[in-house]
Every structure is written in C-alpha cells, then in structure tokens.
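In what follows, a structure is listed as structure tokens, so that the remarks can point back to it.
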Number of protein chains: 2
Amino acid sequence: MPVAQVRDVAARAGVSPATVSNALNHPTKVSPATLARIQAAIDELGYIRNDAARQLRAGTNRAIGMIVLDIANPFFTDVARGVEDVLLGQQRPLIMGNSSQEEHREANYLDLFEQQRMDGVLITPTGDVLDRLRRLRDRGTSVVLVDRMTRATEFSSVSIDDATGGRIATEHLLETGRRRIAFIGGPAGLAQVANRLSAARAAAEAHGSGEIIYTETDAMNAEAGRTGVDRLLDLPPSQRPDAVFAANDLVALGVLQALTLRGVRVPDDIAIVGYDDIDFASSAAIPLTSVRQPAHQMGSTAATMLVDVIADPAASTVRHITLMPELVVRRSSQSS
Amino acid sequence: MPVAQVRDVAARAGVSPATVSNALNHPTKVSPATLARIQAAIDELGYIRNDAARQLRAGTNRAIGMIVLDIANPFFTDVARGVEDVLLGQQRPLIMGNSSQEEHREANYLDLFEQQRMDGVLITPTGDVLDRLRRLRDRGTSVVLVDRMTRATEFSSVSIDDATGGRIATEHLLETGRRRIAFIGGPAGLAQVANRLSAARAAAEAHGSGEIIYTETDAMNAEAGRTGVDRLLDLPPSQRPDAVFAANDLVALGVLQALTLRGVRVPDDIAIVGYDDIDFASSAAIPLTSVRQPAHQMGSTAATMLVDVIADPAASTVRHITLMPELVVRRSSQSS
DNA sequence: GGGTCGTATTAAAACGATTCAAATCGAGAC
DNA sequence: GTCTCGATTTGAATCGTTTTAATACGACCC
C-alpha cells in the first residue's frame, strides 16, 4: 500500500468510501461521530486526496489561473498579491504564469489552463487572444481581464483610469510652476501610453501656458529613461524642459539617474513625476513623486469579480470597473 | 456535444480511441497517414485533452511546482525566469507559488502540490518543512532545494557561496582605501547574513587594518537601510564609517537614499557595496557596486537537476551545487 | 404494533483519458 | 499460395474519486 486511498480510509474507519467522500465534501451530511472516526483514520494513514481523480469526477477544478505581463515589474507583483489575498481566503489555489509580453508564452499558459479545465482565468493580454478566451468561456472557464480593456467588451474587466493619471500629474507640475514638460515613454501605440499622453496634452492646453514635449521610447524600462534624457539634453538650452513626466517609474528612475550623472539638479533644474508608485519610487536617492495606481486593489477586485461569476454564472452581468489613481507628491517635484 | 473528447476525435478520424491516445503520447507508434488524419480531426473539433483524466490514468503530472520566498524581490524573479526557461523547453508547466516568508502560505502550496501529485518541486524553504518534503519524496515527487541548504543534506540543492561574496566585497573596499566598513543587514540569525558577515570580518582581519562595524536590522528592505544609516550618522565623527556593505541591494538603495538626503557624498565620503545586483542597482542615481549572484543560472541549474532526477530517479544521487558570485564595480565605490 | 418521515449510510455508476495484451494487416520469403 | 514477422490498430480494463438513487435505521405518532 504505497499511498492511502479513500477505500483504505473507509476500511479503517469502518464505513464505505462514499461516506468518506461525504465527510470531505459535505460534512453536514455525516454524523459527528463518524466524522471524527474518519478524521482519525485520515490522520493515521496520512491520506491526501488525489486531485486528478476528484477533478475528473467532479468536473471542476477549483484553481484559478493568472497570466501576468511582466513579473519583473513590481506593479504586477502588487496586483498578484491582491489576487492571492482574495483567493487564499476562498481556499482556491492560484496558478501564476508570466508571459513576459511574449505571445508564445502566453499561448503556452492558455493551453495549460484549457487542459486543466480551470474554473477561472485572470489575464492581462499581450497578444491577440480574443478567440482563445472565447473558447475558454465556452468551455466553462470564467474570464476577467486585468488592466486591459479590449475593444470587444464582452469580458468583464478591471482597469485603472489612465486619463485621470495623466491629468493629475500634469496639473501638479503646472501648479508648481513648471511649463515645459517632457513626456517620456512608449511605444506610442501602447494604450496606456497613448491615454496618459493625450490627457497630459489636454491638461496643458486647458492651463494655457503649458507645453508637452513627447519623447517616444521603444520600451518602458530604466534604459529607455536614460536615452530619453540624452535626447532632451541635446536640445538648445532655451528649449530644454523644466519637468519630466515618465510613463512609468522604471523610466523615471532611469531619468533620475541620467540627470544626476550629468549634474542636472532634481528637482531644482528639472522636476520628475513617475507612474505606478512602486516601492523603489519612494526609495530612490531623490524620492520620486508618482501617480499611485491601486495595484493591490485592482488585483483583489478582479479576483472577487471572478469568484462571484464562478459562484453564479447565471447571474453574471459583464461589468467594467475603473479604479482611480492618485498623486503621491515627494521630493522630486518639490517647487524650486 | 459540449466538448469534444477522445472518442469524438476517434470517430471522426475513423480510428479507435486507443490510436488517438497513441498519436498524442507515442507518435512513433502510429503510421504517418493516420497521424495526419487524427491531427486534422483534432483541429476540426477543437479538441483539448482533459488533463485530469490523463493524469489519473497515467499516474503522473508533468507539472513542476515552485515556491519562492518573496516575489517582490527581483532576485527571486530572476531565479524564476531561469527555471521557466528550462521547463518551457521541456514542455513542462511551471506552477509558481509565493510564500512571502509566511509558513502558512508555504504550507498551503505544499498541500496543493501534494494533492496534485506533482512530478517535482523546487523550494526555497522558509518554515520547518523537512517532514513535508520527505512525505512528498515518499509519494514520488522529486525535490530540489534552491538557495537554502538544510542541515539535513538529504535533498539535492543549488546555492550560491555567501562566504565568497562577503569576502570579495570587503577586499574590494579595503583595496580602494576604505578602512571602517559598516555591514548593514539582518536579522543576524539569517544564514545568508551570518555567512556574508563572518566572511567580511575574516577578510578585514586578514588585511590587518580594516574594521567591520555590524549594524543589525530586523528586515532586508530599503527602510532597514535608512534606519541603519541614521544610527551610523549618530556616531561621533571619528567613529563614522567610510564605507557601507549592505546585505542586499534593497538595503543598499535605502542607504544611498538616506545618505543623499543628509548631504553625505557617495562615493566621496562613504562608498557603498550592495548584494544581488538587481536591475535597480545599476539604475540607481549613483549606480551601485554590487555582488552579482547568478540568480538566473541558479534557477536553470536547479530546474535541470530536477528534470534529470525525474527522468531517472534510480540513477539519482543527491548533489549539492554551489555557484560563485562575482563583484560588479560601479560608481558607488569608486576610489575618492 | 403499524405507518410515516427524516437522517445517515451505501452500492454501483460515472468522469475521460491511457495502457496492455491481443488482433489485424501487409510485405517479403519460400 | 502459404507462412512468418514486424508494424499498426484495437477492445477492454483501469486510474481514484464523487454522485445518484436507493436502503437502512430509528424516532415519533396514532
């Protein structure tokens, strides 16, 4: 007897396998006395339920799959923590995959989730996966989109309002006396970048005397921030910006570094505002002002929506929740 | 017919279910012609194999489970990437759990892995899990420890030599003229901290005129670095250090920030060396000198060992691999 | 004492794939 | 034309659990 099974437990407790199963899954149907006897048998034999068999018969896998865009970005690990916190309370395992923005990795995880017949999937899509998601849904797996609304709004989603973020960051810079604001980030095609940028432009226009200079980058990391700064400092002095609005904190950290190394004083000469408010923003040499995204809350909200839909798919209405960012002011944008 | 099954595929291709199974799992046993016919049927029907059933009958789950200590620490996400890269090539799904150094989370994931009858588990243990791991092993799940050797050396492991790391960092500081070196990190009970610290002391002793001042912290984050600095700067000027060796980069970033805000010049007044060489180290306002740990390599090595053991458990000898760190010199420790 | 009803228990079927031993097929040898 | 052998294919059993419908058991009432 290498590994104890239900029938072994049943034999030991002097009951039938069906009763053991009931004890495990519907304890109220079993009398307290037998329940205790079964529990004792389980402990003595060290019985661990075979989940594959359970899943096959029950037709449902309690696990939730999640595909994150970039596990190296603290923003997404925050989101994941929010999801984890909700699911742990629900006794549902979370299976996390990292797409690294690569379509084949994303497809790999979708295959896995499909084969495992997951109850639900949370995804920040990177490739064109609408068809895959529809297939999942048709197979009975609920889907909630995180931080990305698709044009087709057929799936519920939770996202954070980028326009508001772009606006409050810009207004803050304008109110503290800055006028020429460089927006660094890209590629311009990314929805997040486009939304933040156009909101920044609108805010500058509304203000009257503000101006946005867009410096496009091909990625959103520290390196992009550094090259962005190089390009800005090549401008004739009269055209140099007095503030930088970085599309995320990684870029902002790169900007801060490049400016520091070149002897430009932050915030005296140039102010910086980042985006995401990752932990490293407040720990930078000059603590960064940043647009805080409620990442953890986005994760927990998405997980809650998903669990609700699974619990009662019939009552499921597609919902789109948009959370609001807020500005956290720190040293890097203090008025000079 | 809600979802296609093997028998549907078989019917469509005009073969028996057994042949379909063979086509999927032992393609060499099936003639090319039928193989093509079956593949066509699969595509037409959109068949996706039910993994629960497969696993139940085959008695094995191809997936590998991994429990990381702290997903918010870039060091561990690097390790995870190394693991992922190997497993993806092996067509094995990776199921990642984050213990956040909390025993109950760790236990939760171990439960999951045990119920799922995983082929293998990679773990950086936080609690006292030896018994659990033994049980897993007895149930047929192979185990490899990552970055933590237990006293009981019964499980294979991959780790990185902390003594070497502590030594090379200290020697570098001494060689560039520093004499009073503050070591910041903790709690002192952590094996990593203890090993790095004692190696630093040994190096100082060997050099003759060096001195290590240990400042213990209760965690390893930026906040700890800041409070560490506060304590050091309270010392009378004659006792102030001229260098800081931080137990990891998060602490080092906190140190850099606190020094900058207080007007202490880095590296002129105080040099800094960190540990881990996370991406943020090179992106700091003053790029950080750091002890680079081959995190990615550790992950890929561990995954390779695990896959080998699973492939041939009989030939499995317990092995302990120790990788060497190297020093990456940057601005923060440039000689003044 | 017979009948009714609710609770606790159980026997047997079912979930959907893989495996094993046995059957079938075809080509080449004689 | 028959026989042999290796390559393909297949029927039936099986993996370990949950579920369903039926049974057993008392307690309570008349």
Side-chain angles (χ1 to χ4, degrees), chain A residues 1-39 41-42 45-63 111-112 114-119 139-140, chain B residues 1-39 41-42 45-63 111-112 114-119 139-140:
Chain A
M1 185 180 57
V3 176
Q5 309 188 5
V6 175
R7 66 161 153 279
D8 303 317
V9 174
R12 177 130 193 163
V15 298
S16 78
T19 303
V20 175
S21 174
N22 278 332
L24 254 34
N25 303 295
H26 310 283
T28 58
K29 286 174 157 343
V30 177
S31 78
T34 27
L35 208 52
R37 211 138 29 87
I38 291 174
Q39 186 55 53
I42 288 179
L45 294 165
Y47 168 73
I48 303 264
R49 167 240 255 71
N50 182 326
D51 220 45
R54 195 208 120 264
Q55 204 186 127
L56 172 59
R57 175 60 240 221
T60 161
N61 182 346
R62 289 190 54 74
D111 285 347
L112 173 65
E114 219 167 333
Q115 291 179 178
Q116 303 261 44
R117 308 288 195 266
M118 296 283 187
D119 268 3
R139 279 197 155 73
Chain B
M1 187 181 56
V3 175
Q5 309 189 7
V6 173
R7 64 161 156 277
D8 303 317
V9 174
R12 177 132 193 158
V15 298
S16 78
T19 303
V20 175
S21 174
N22 278 333
L24 254 34
N25 302 295
H26 311 282
T28 59
K29 286 175 154 347
V30 177
S31 78
T34 24
L35 209 51
R37 210 140 28 87
I38 290 174
Q39 186 56 54
I42 288 179
L45 293 159
Y47 168 73
I48 303 264
R49 124 144 56 17
N50 183 325
D51 220 45
R54 195 209 120 261
Q55 204 186 127
L56 172 59
R57 175 63 239 225
T60 160
N61 182 349
R62 289 190 55 74
D111 285 346
L112 174 64
E114 216 166 335
Q115 291 178 182
Q116 304 260 47
R117 308 289 195 266
M118 295 282 184
D119 268 3
R139 278 200 155 71

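Naming convention: chains lettered A, B, ... in sequence-line order (proteins, then strands); numbering from 1 in each chain. Any value given below was found using the heavy atoms of this structure, including those in side chains, with hydrogens, waters and symmetry copies removed.
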Note to self: side chain to side chain contact (heavy atoms under 4.5 Å, CB included), that's the test. Do A:Arg54 and B:Leu56 meet it? Break it down for me.
What the structure shows: CA-CA 9 Å; A:Arg54 195 208 120 264; B:Leu56 172 59; over 6 Å; no
From [X] [atom1] over to [Y] [atom2], what is the distance, rounded to the nearest 0.5 angstrom?
{"X": "B:Tyr47", "Y": "B:Gln39", "atom1": "OH", "atom2": "CD", "value": "11.5 Å"}
{"X": "B:Ser31", "Y": "B:Arg37", "atom1": "OG", "atom2": "CZ", "value": "7.0 Å"}
{"X": "B:Asp51", "Y": "A:Gln55", "atom1": "CG", "atom2": "CD", "value": "8.0 Å"}
{"X": "A:Thr60", "Y": "A:Met118", "atom1": "OG1", "atom2": "CE", "value": "11.0 Å"}
{"X": "A:Ile48", "Y": "B:Arg139", "atom1": "CD1", "atom2": "CZ", "value": "5.0 Å"}
{"X": "B:Arg62", "Y": "A:Gln115", "atom1": "CZ", "atom2": "CD", "value": "10.5 Å"}

Item checked: Helical bend (five base pairs per end, nearest 10°) for the helix from C:dG1-D:dC30 to C:dC30-D:dG1 ->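 If I round to tens, the end axes sit 50° apart.
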Next item on the list: Kindly determine whether B:Ile42 and B:Leu24 satisfy side chain to side chain contact (heavy atoms under 4.5 Å, CB included), including the steps that lead there.
Entry: CA-CA 10 Å; B:Ile42 288 179; B:Leu24 254 34; 3.7 Å; yes
Atom-to-atom span, [atom1] of [X] to [atom2] of [N] - whole angstrom:
{"X": "B:Arg117", "N": "D:dC15", "atom1": "CZ", "atom2": "C1'", "value": "12 Å"}
{"X": "B:Asn22", "N": "D:dG11", "atom1": "CG", "atom2": "P", "value": "13 Å"}
{"X": "B:Gln116", "N": "D:dG16", "atom1": "CD", "atom2": "C1'", "value": "14 Å"}
{"X": "A:Asn25", "N": "D:dG16", "atom1": "CG", "atom2": "P", "value": "17 Å"}

Margin query: Classify B:Ser31 by what it touches in the nucleic acid, base, sugar-phosphate, or nothing, heavy-atom distance under 4.0 Å.
Written below: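 The answer is sugar-phosphate, as B:Ser31 gets under 4.0 Å only of primed atoms, P, OP1 or OP2.
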Notebook entry, point to check: NA contact type, A:Val20, heavy-atom cut-off 4.0 Å: base, sugar-phosphate, or nothing?
Noted result: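 The residue A:Val20 makes no contact with any strand.
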Checklist line | Distance test, side-chain N/O of B:His26 to OP1/OP2 of D:dT8, below 4.0 Å | finding: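 For D:dT8, neither OP1 nor OP2 has a side-chain N or O of B:His26 closer than 4.0 Å.
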Item checked: Residue closer to the 5' end of DNA chain C, A:Pro17 versus A:Pro32 (nearest nucleotide) ->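 Residue closer to the 5' terminus by nearest nucleotide: A:Pro32.
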Margin query: Here's a test of your reading of the structure: between A:Ala18 and B:Arg37, which maps to the more 5' nucleotide of DNA chain D?
Written below: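 Per heavy-atom nearest nucleotide, the more 5' residue is B:Arg37.
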Notebook entry, point to check: Is a side-chain donor or acceptor of B:Asn22 paired with a backbone partner of B:Lys29 at a separation under 3.5 angstrom?
Noted result: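 Between the backbone of B:Lys29 and the side chain of B:Asn22 there is no qualifying donor-acceptor contact (under 3.5 Å).
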Margin query: Show the nearest heavy-atom pair for residues B:Ala41 and B:Ala13, with the distance to one decimal.
Written below: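 In this case the closest contact between B:Ala41 and B:Ala13 is CB-CB, 4.1 Å.
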Checklist line | Distance-minimising heavy-atom pair for B:Ala23 and B:Leu35 | finding: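 Closest pair (atom of B:Ala23, atom of B:Leu35, distance): CB-CD1, 3.6 Å.
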Item checked: Residues within residues 48-58 of chain A bordering DNA chain C, heavy-atom distance below 4.0 Å ->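 Hits under 4.0 Å, by residue number: A:Leu56, A:Arg57.
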Checklist line | Span of DNA chain C in contact with chain A (heavy atoms, under 4.0 Å) | finding: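 The footprint of chain A covers C:dA8 to C:dG16.
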